[in-house]
Amino acid sequence: MIGMGKSIAHTGASMVYGWNKGKDAEVVLSQYVAGDNAKEVTEEFRIAQEMNARCKKNTLSFVLSPTVEDGKKLDNENSVS
């Protein structure tokens, strides 16, 4: 499994990119998030982000990419809801 995390300033663009079903990306955990699409989730984040106007990179972005070998072992039945 290859993972990367960083703080970013472009929340909306990141959400739209990650929510793109054409890229076979999946939301694996959305606990405490009410939105059902990229626009709604971005707005939820924006409400909290506006509490600290000095912070510019106020979204944490994490990408997990399984290796080919790891990908063969993954299924949706054991995912966290």
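Nothing fancy with the numbering, it's 1 onward along the sequence.
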Colleague: Return the CD to CD distance between Gln49 and Glu43, rounded to the nearest 0.5 Å.
Modeller: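 Nearest 0.5 Å value for the CD-CD distance: 10.0 Å.
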
Colleague: Which pair of heavy atoms, one from Ala9 and one from Lys56, lies closest together, and at what distance?
Modeller: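 Nearest pair, atom of Ala9 first, then Lys56: CB-O, 3.3 Å.
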
Colleague: So which atom in Ser61 and which in Ile8 form the shortest heavy-atom distance, rounded to 0.1 Å?
Modeller: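 Heavy-atom minimum between the residues: CB-CD1, 3.8 Å.
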
Colleague: Could you state the interatomic distance from CH2 (Trp19) to CD (Glu40), rounded to the nearest 0.5 Å?
Modeller: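 It is 8.5 Å, given to the nearest 0.5 Å.
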
Colleague: Heavy atoms only: give me the nearest Thr11-Phe45 pair and the separation to one decimal.
Modeller: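 Shortest heavy-atom separation between Thr11 and Phe45 comes out as CG2-CD2, 3.9 Å.
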
Colleague: Looking at Glu44 and Tyr32, what are the two nearest heavy atoms and their distance?
Modeller: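 Smallest interatomic distance, heavy atoms only, reads OE1-O, 4.2 Å.
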
Colleague: Measuring only between side-chain heavy atoms, which start at C-beta, is Pro66 closer than 4.5 Å to Leu74?
Modeller: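 Yes, at least one pair of side-chain atoms sits under 4.5 Å.
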
Colleague: Can you see which heavy atom on Met1 is nearest to which on Leu64, and at what distance?
Modeller: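 In this case the closest contact between Met1 and Leu64 is SD-CB, 4.2 Å.
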
Colleague: Atom OG1 in Thr59, atom CZ in Arg46: separation rounded to 0.5 Å?
Modeller: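 Taking OG1 in Thr59 and CZ in Arg46, the distance rounds to 9.0 Å.
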
Colleague: I'd like to know if the side chain of Thr42 and the backbone of Ala38 have a donor-acceptor N/O pair within less than 3.5 Å.
Modeller: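 Yes; judged by distance alone, with no hydrogens or angles, the pair exists.
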
